[in-house]
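Read through the structure below, which is laid out as C-alpha cells, and then see the notes.
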Amino acid sequence: MTAVAIMRPQRAAWRATLAWRVILSVVWSLVVTGLLILLAGKNPFLAYQHIVLGAFGSWPRVIVGLNKAAPYMLAGVGVALCFRGNVANMGAEGQIAMGGLAASVVALIGVTTLGPAVLPAALLAGILGGAAWAAIAAAINLTRGVHEVLVTLMMNFIAWLVVAEFLHGPLGEIDAGFPQTPLFDSVAWLPKLVARTDLHIGIVLAVLAAIVAHVVLWHTVTGFRWRLAGASDRASHYAGVSRARSVFGLMLVSGVLSGLAGAIEVLGVHYRLIEGFSLGFGFNAIAVALLATLKPLWVIPAALFFAFLETGALSMQRQIGIPSSLVLVIQGLSLIFVLCAVGRGARKV
C-alpha cells in the first residue's frame with residue numbers, strides 16, 4: 001500500500017472533523033449571542049425566529065439573500081486562494097469597486113455601439129478592472145517591497161475616491177439627489193435566473209467559480225504551487241516555485257473574481273453605479289474566506305450564511321427592536337470560534 005493510499009483516509013477524517021468544528025463554532029456563536037440578547041431583556045428565541053422568517057419567510061426575501069451572497073462568494077473565493085498562498089490580500093473591497101466602475105462605463109457608453117454585446121463587454125470590463133487594480137498592488141509589493149496588507153488596504157480608499165470622482169463628474173446623473181449614474185439600458189442588465197423575479201445569474205456564476213477554484217487548487221500543478229508557497233517559503237524555494245509568480249497569479253485571480261463581483265452588483269442589482277455600493281463587501285469576503293477555513297467549496301455555505309443573516313436582521317429589528325447590527329456579533333463570534341477550533345486541531349495533527 002502506498003503512502004498516498006494510507007494518507008487519503010486520514011485526510012478525509014480530518015476534513016470531516018474540521019467540518020464539525022466549523023458547525024459547532026457557528027452554534028456556539030449563536031448560543032453566546034443569545035445570552036447577550038437575554039441580558040438585554042429580549043427573547044433570543046424570538047429574535048432568531050424573526051431572523052429566519054426575514055431571510056426565508058417569502059420567495060422575494062430568499063432572492064435578496066441569494067443576490068447578496070453572490071459577491072461575497074466570488075470575492076471570498078479569491079481571498080481564500082490568496083490566503084492559501086500566503087498572500088494577505090485585503091484589497092477585495094477596492095477591486096469590487098473598480099470592477100463595478102469599469103462595467104458601468106462600458107454599460108453606459110457602449111450600449112449604442114455594441115448593442116446586445118454590451119452585457120458580455122461590461123462583464124469583461126469589470127473583470128479587467130478588478131484584475132488591473134489587483135495587478136497594481138502586486139507590482140508595488142514585488143518591485144518596491146511594500147507589504148501586501150498595507151498596499152491593498154490603502155488602495156481600497158483610493159478606489160472609493162476614484163469611483164466618487166467619476167460619479168461627481170462625467171458619469172453622474174444630472175440633478176440626482178444622490179451620487180449615481182443614470183439607469184443602464186435594459187440590454188445591459190444581467191439576465192434573470194427565474195423569470196419575473198429579481199434573482200439574477202450571478203449566484204450561478206459564483207458557485208461555478210468556487211467549483212473551478214477547488215479543482216484548480218487541489219487537482220492542478222498551479223494549485224499545488226500555490227499551496228506549497230503558502231505552506232513553506234523554504235520548501236517552495238527549494239522546489240523552484242517562484243514567489244513573484246505566485247503572488248502575481250493569486251492577486252490576478254482575486255482581482256478577476258472581485259471585479260466580476262462588482263460588475264454583477266451594478267448590472268444585476270442596482271442597474272446603475274451608486275457611490276458606496278461596494279462598502280463592506282470586500283471585508284465581509286475576508287470573513288467568509290476565514291469562516292470557510294480557506295476552502296473554496298466551503299466558501300459557498302459561508303457566503304450564504306453571511307448573506308441570509310444580514311437579510312433576516314432587518315426583520316428582527318423591525319419586529320422586536322433588536323438592532324440589525326447584532327449579526328456583526330454573530331459573524332465575529334463565529335470567526336473567533338472557528339479560528340480557535342482550527343488552530344486547536346492543527347496543533348493535534
Side-chain angles (χ1 to χ4, degrees), residues 64 67-76 78-79 90-111 118-119 121-134 136-137 151-186 188-190 198 200 202 254-288 306-307 310-311 313-314 324-325 327-328:
V64 170
N67 285 343
K68 186 181 285 289
Y72 291 174
M73 212 174 288
L74 284 166
V79 171
M90 301 291 171
E93 189 99 1
Q95 293 153 23
I96 292 172
M98 296 306 292
L101 173 61
S104 299
V105 170
V106 173
L108 289 170
I109 298 176
V111 67
V118 69
L119 176 60
L123 289 173
L124 179 60
I127 289 171
L128 294 176
W133 203 248
I136 294 172
V151 176
T152 51
L153 278 176
M154 293 299 102
M155 288 189 69
N156 287 337
F157 295 100
I158 297 173
W160 295 334
L161 293 174
V162 170
V163 171
E165 184 65 25
F166 272 88
L167 289 176
H168 289 277
L171 295 184
E173 184 178 20
I174 299 175
D175 296 329
F178 190 82
Q180 61 185 24
T181 65
L183 200 66
F184 301 151
D185 192 279
S186 59
W189 294 3
L190 210 60
D198 292 328
H200 56 66
S254 177
V256 164
L257 295 174
S258 296
L260 179 60
I264 285 174
E265 189 68 13
V266 298
L267 299 174
V269 176
H270 304 295
Y271 310 118
R272 66 173 82 213
L273 181 65
I274 300 174
E275 186 174 22
F277 83 96
S278 67
L279 290 179
F281 280 19
F283 295 111
N284 278 349
I286 295 172
V288 165
F306 267 54
E310 294 175 1
T311 303
L314 294 177
S324 60
S325 56
V327 300
L328 300 176

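Residues: numbered from 1 along the sequence shown.
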Residue pair [X] / [Y]: nearest heavy atoms and the distance that separates them:
X      : Y      : result
Gly129 : Ala102 : CA-CB, 4.2 Å
Ala107 : Ala188 : CB-CB, 4.0 Å
Ile96  : Ser278 : CG2-CB, 3.7 Å
Asn284 : Glu310 : ND2-OE2, 3.1 Å
Glu93  : Gly282 : OE1-N, 2.7 Å
Val106 : Val118 : O-CG2, 3.6 Å

Under the 3.5 angstrom rule, does the side chain of [X] hit a backbone N or O of [Y] as a donor-acceptor pair?
X      : Y      : result
Trp133 : Leu128 : no
Trp189 : Phe184 : yes
His270 : Arg272 : no
Gln180 : Leu273 : no
Thr152 : Met90  : yes
Asp185 : Val111 : no

Do [X] and [Y] have side-chain heavy atoms sitting under 4.5 Å apart?
X      : Y      : value
Lys68  : Thr311 : yes
Val288 : Met73  : no
His168 : Glu275 : yes
Val151 : Ile136 : no

Please check if atom CZ in Phe166 has more than 12 non-hydrogen atoms from other residues, nucleotides or ligands closer than 6.0 Å.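 Atom CZ in Phe166 is not packed in, count stays at 12 or less.
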